[in-house]
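In what follows, a single structure is set out as structure tokens and then discussed.
All ligand and atom numbering here is 1-based and tracks the order in the structure.
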Amino acid sequence: MSKVKKKIKSIKIDLDKCNGCRACEVICSAFHANPKYSSNNPARSRIRMIRDPLRDVYVPVYAGEYTPAECMGRDKYVIDGKEYDECGFCRASCPSRDAFKEPDSGLPLKCDMCEDDPAQEKPLCVQWCLNDALIYDEREEEVEEEVKLEDMEIGLESLVDKYGLEKIADTVARMSTSKKG
Ligand code: SF4
Ligand code: SF4
């Protein structure tokens, strides 16, 4: 497989600088509103501020991958003697909780680094974080060339996930028989 250059984008989070202002949530939800900037609702944000002012805890967490089933284990963090909520810092959009789901449709949310055309100079949450708690970085890495799945393959994969390979194969066989007939 051949190697290609890939741009890696990352956001470093400096917890010592975050004061829980939630500007990142506001701009992310506004940027992803339809039409853009027509509304802002932090429940639609792809970054969530996990906040516990009494314990002086402010942790920005980015929305990561969608998972169709909750995982078998649970994690719980104890930092400086303070115990945090179960799964509190997990990035997944998961059936066990409401985090990182579009509030009306329930569809999963995932940070897309503010993909835009023309491209943003930096992700919006980074630009709006006046405390420099979010630090953006871009670098190039050589990676194996990805084999891109065609739209049809992606659609078929999700159907197979939903109904199982056997049922899909049976349906295709039935359809091809009736077409021939
Ligand atoms: S990078 Fe963009 S999409 Fe991701 S959380 Fe920040 S504002 Fe939202
Ligand atoms: S904008 Fe910056 S300081 Fe404010 S909550 Fe987000 S990460 Fe924290």
If every non-hydrogen atom of [X] is compared with every non-hydrogen atom of [Y], which pair is closest and at what distance?
{"X": "Pro108", "Y": "Ser93", "result": "CB-OG, 3.3 Å"}
{"X": "Lys101", "Y": "Cys94", "result": "NZ-O, 2.8 Å"}
{"X": "Arg44", "Y": "Asp104", "result": "NH2-OD2, 2.6 Å"}

### Task
Anything protein N/O/S under 2.8 Å from atom 4 (Fe) of ligand 1? Just list residue and atom, please.
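Only Cys111 SG fall inside 2.8 Å of atom 4 (Fe) of ligand 1.
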### Query
salt bridge (charged side-chain N to carboxylate O under 4.0 Å, His left out) with Glu138: which of Lys12, Lys7, Lys122?
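Of all the options given, the one that passes is Lys7.
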#### Entry: In one Ile/Leu/Val/Met/Phe/Trp/Tyr side-chain cluster, 4.5 Å: Leu15, Tyr136
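Per the 4.5 Å side-chain linkage, Leu15 and Tyr136 are co-clustered.
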### Message
If the cut-off is 4.0 Å to any non-hydrogen atom of Leu134, which atoms of ligand 2 fall inside it?
### Response
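Answer for ligand 2: 7 (S).
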### Message
Could you walk me through whether Asp52 and Lys82 satisfy the salt bridge (charged side-chain N to carboxylate O under 4.0 Å, His left out) test, starting with their C-alpha distance in whole Å, then the side-chain angles of each, then the deciding distance to 0.1 Å, before giving a yes or no?
### Response
CA-CA 11 Å; Asp52 188 344; Lys82 297 171 197 158; over 6 Å; no
### Query
Strictly under 4.0 Å, does any heavy atom of Gln120 approach an atom of ligand 1?
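No.
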### Message
Does the plane of the ring in Phe89 sit parallel, tilted or perpendicular to the ring in Tyr77? Use 30° and 60° as the thresholds.
### Response
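Perpendicular.
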### Query
Quick one: are Ile13 and Leu134 in side-chain contact, heavy atoms under 4.5 Å?
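Yes, their side chains come closer than 4.5 Å.
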### Task
Output, by chain and residue number, all protein N/O/S atoms separated from atom 4 (Fe) of ligand 2 by less than 2.8 Å.
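N, O, S partners closer than 2.8 Å: Cys21 SG.
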#### Entry: Arg51 (side chain) donor-acceptor with Gly20 (main chain) under 3.5 angstrom
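Flag set: sc Arg51 to bb Gly20 pair under 3.5 Å.
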### Task
Output, in order, the C-alpha distance, side-chain angles, deciding distance and verdict of salt bridge (charged side-chain N to carboxylate O under 4.0 Å, His left out) for Glu65 and Lys110.
CA-CA 6 Å; Glu65 297 297 330; Lys110 184 181 171 198; 2.8 Å; yes
